[in-house]
Amino acid sequence: MTAEEEHELLQRWNATLLAARAGREGPDPAPYGRNLLARWAEPQRRYHTVDHLRAVLDRVDELTDQGGEGGELELVRLAAWFHDAVYRPDRSENEERSALLAEKALAEAGLTPHEVAEVARLVRLTVTHDPADGDLNGETLCDADLAILASAPDTYARYAAAVREEYAFVPEDTFREGRAAVLRHLLDLPRLFRTPYGAAVWEEKARENVERELKELRGVPSTG
């Protein structure tokens, strides 16, 4: 991450937290943002990096620009910042640990109990990516987080390779079994994307990519 990229992301963080506080007093947002950026830049990460954070934030903006209505967008953006803030591929409960971090940091940073609880709820929702009907905040965050699935085939291949690198300590057969289970869970969802824009623009391409990766994990030759 270059100094310019760090500055740009820190400015986005500051603007988001200040907007969420809506004029209420609170501490300087910058130290919290720097702490989060340091977490996203940890060396064990290959996919869950600052690039992923930026991509999710950009997709939240894209969903908003494409007719997203309702929801508490600043809280969604804060949840994007925290959703993989704790990430150790060799440990479980990363989302829960990230949610606990959000609860602690955002309470200190001046958010109300409702706002803190909502951000933490959204972070925990990224375990399943299965928001309830009408959960506008959850739909937006989950769609933004899964948007990588709808990328061009070469970008998707780099994403899948980066995930494998994060789990380099896992034997190949074990990884293939676990990764396939994750992909089957996604394909079993009624819809991968819950926002109207995500369903219309990303759903078909994402399913093609996921199905292709699942076949490759099974050793089925690709016909694409």
Side-chain angles (χ1 to χ4, degrees), residues 1-2 5 8-9 12 37 40-42 44-68 73 76-77 79-85 87 89 94-95 98 122-123 125-131 137-168 175-176 178-224:
M1 178 173 52
T2 67
E5 290 170 335
E8 181 263 335
L9 280 168
R12 292 175 78 169
L37 287 175
W40 283 92
E42 291 166 340
Q44 76 276 10
R45 299 168 182 258
R46 295 295 182 270
Y47 169 65
H48 295 88
T49 64
V50 170
D51 288 339
H52 173 59
L53 168 62
R54 183 186 296 105
V56 174
L57 292 170
D58 289 347
R59 296 294 79 74
V60 170
D61 290 347
E62 182 178 351
L63 289 166
T64 304
D65 292 342
Q66 294 296 330
L73 289 172
V76 174
R77 292 186 176 100
W81 274 90
F82 279 96
H83 81 286
D84 285 319
Y87 186 75
N94 286 312
E95 293 86 358
S98 296
L122 292 171
V123 172
L125 190 57
T126 61
V127 175
T128 62
H129 295 96
D130 191 15
N137 291 345
E139 290 174 350
T140 301
L141 178 64
C142 289
D143 277 18
D145 193 26
L146 292 181
I148 183 64
L149 301 179
S151 56
D154 56 341
T155 302
Y156 185 94
R158 289 194 295 272
Y159 146 71
V163 171
R164 181 64 183 106
E165 287 180 27
E166 286 185 337
Y167 288 89
F175 175 81
R176 285 174 175 267
R179 178 67 177 167
V182 170
L183 299 179
R184 285 194 297 269
H185 164 74
L186 292 172
L187 291 174
D188 285 344
L189 294 173
R191 283 165 46 188
L192 287 170
F193 299 101
R194 306 303 181 87
T195 64
Y197 178 79
V201 178
W202 296 336
E203 183 80 21
E204 183 177 359
K205 174 58 70 175
R207 287 190 175 272
E208 289 175 359
N209 283 332
V210 172
E211 289 171 354
R212 182 173 58 251
E213 184 188 357
L214 189 56
K215 288 180 180 178
E216 291 170 354
L217 290 169
R218 293 169 174 164
V220 178
S222 174
T223 58

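Given the structure is predicted, the values throughout are model-derived calculations rather than measurements.
No donor-acceptor distance shorter than 3.5 angstrom exists from the side chain of R191 to the backbone of A199, with no hydrogens or angles considered. With N209 contributing its side chain and S151 its backbone, the two residues share a donor-acceptor pair below 3.5 Å. For the pair E139 (side chain) and P131 (backbone), a donor-acceptor distance under 3.5 Å is absent. In this structure a side-chain-to-backbone donor-acceptor pair under 3.5 Å is missing from N137 to V76. A donor-acceptor pair under 3.5 Å is formed between the side chain of E166 and the backbone N or O of H48. Judged by distance alone, with hydrogens and angles left aside, the side-chain atoms of T49 form no donor-acceptor pair with the main-chain N or O of R46 at under 3.5 Å. Of the possible polar contacts, none joining the H83 side chain to the L122 backbone as a donor-acceptor pair under 3.5 Å is found. Of the possible polar contacts, one joining the D143 side chain to the T195 backbone as a donor-acceptor pair under 3.5 Å is found.
Salt bridge status for E8 with R12: present, with a side-chain N to carboxylate O gap under 4.0 Å.
Note that the CZ atom of R158 and the OH atom of Y156 stand 13.5 Å from one another [nearest 0.5 Å]. The line from CZ of R194 to OG1 of T140 is 12.0 Å long, rounded to the nearest 0.5 Å. Rounding to the nearest 0.5 Å places OG1 of T128 at 6.0 Å from NE2 of H185. For the atom pair E208 CD and E203 CD, the distance stands at 11.0 Å (nearest 0.5 Å). With values rounded to the nearest 0.5 angstrom, L192 atom CG is found 6.5 Å from L146 atom CG. A distance of 11.0 Å separates CG in L53 from CZ in F82, rounded to the nearest 0.5 Å.
Around atom CD of E204, no more than 12 heavy atoms belonging to other residues, nucleotides or ligands sit under 6.0 Å away.
Counting heavy atoms from C-beta on, the side chains of E62 and Y197 come closer than 4.5 Å. Proximity of V123 to W81: side-chain heavy atoms (C-beta onward) are nowhere separated by under 4.5 Å. Counting only heavy atoms from C-beta outward, the side chains of E213 and L183 approach each other to under 4.5 Å. Looking at R179 and Y167, their side chains never come closer than 4.5 Å, going by heavy atoms from C-beta outward. Using a 4.5 Å cut-off on side-chain heavy atoms (C-beta onward), L125 and L141 make no contact.
Pairing each heavy atom of R207 with each of P190, the nearest pair is NH2-O, 3.8 Å. Across all non-hydrogen atoms, the minimal contact from R77 to T64 is NH2-OG1, 4.1 Å.
Scored by the side-chain hydrogen bond (donor to acceptor under 3.5 Å, both in side chains) test, R176 finds E172 as partners (sequence neighbours excluded).
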Checklist entry - Please walk me through it: do R45 and D51 pass salt bridge (charged side-chain N to carboxylate O under 4.0 Å, His left out)? => result CA-CA 11 Å; R45 299 168 182 258; D51 288 339; over 6 Å; no
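Aromatic ring pairs are classed by plane angle as parallel below 30°, tilted from 30° to 60° and perpendicular above 60°; the pair F193 and W202 is perpendicular. Using a 30° and 60° split on the angle between ring planes, Y47 and H52 fall in the tilted class, from 30° to 60°.
For the 3.5 Å distance criterion, the side chains of D145 and T126 fail to qualify, holding no donor opposite an acceptor.
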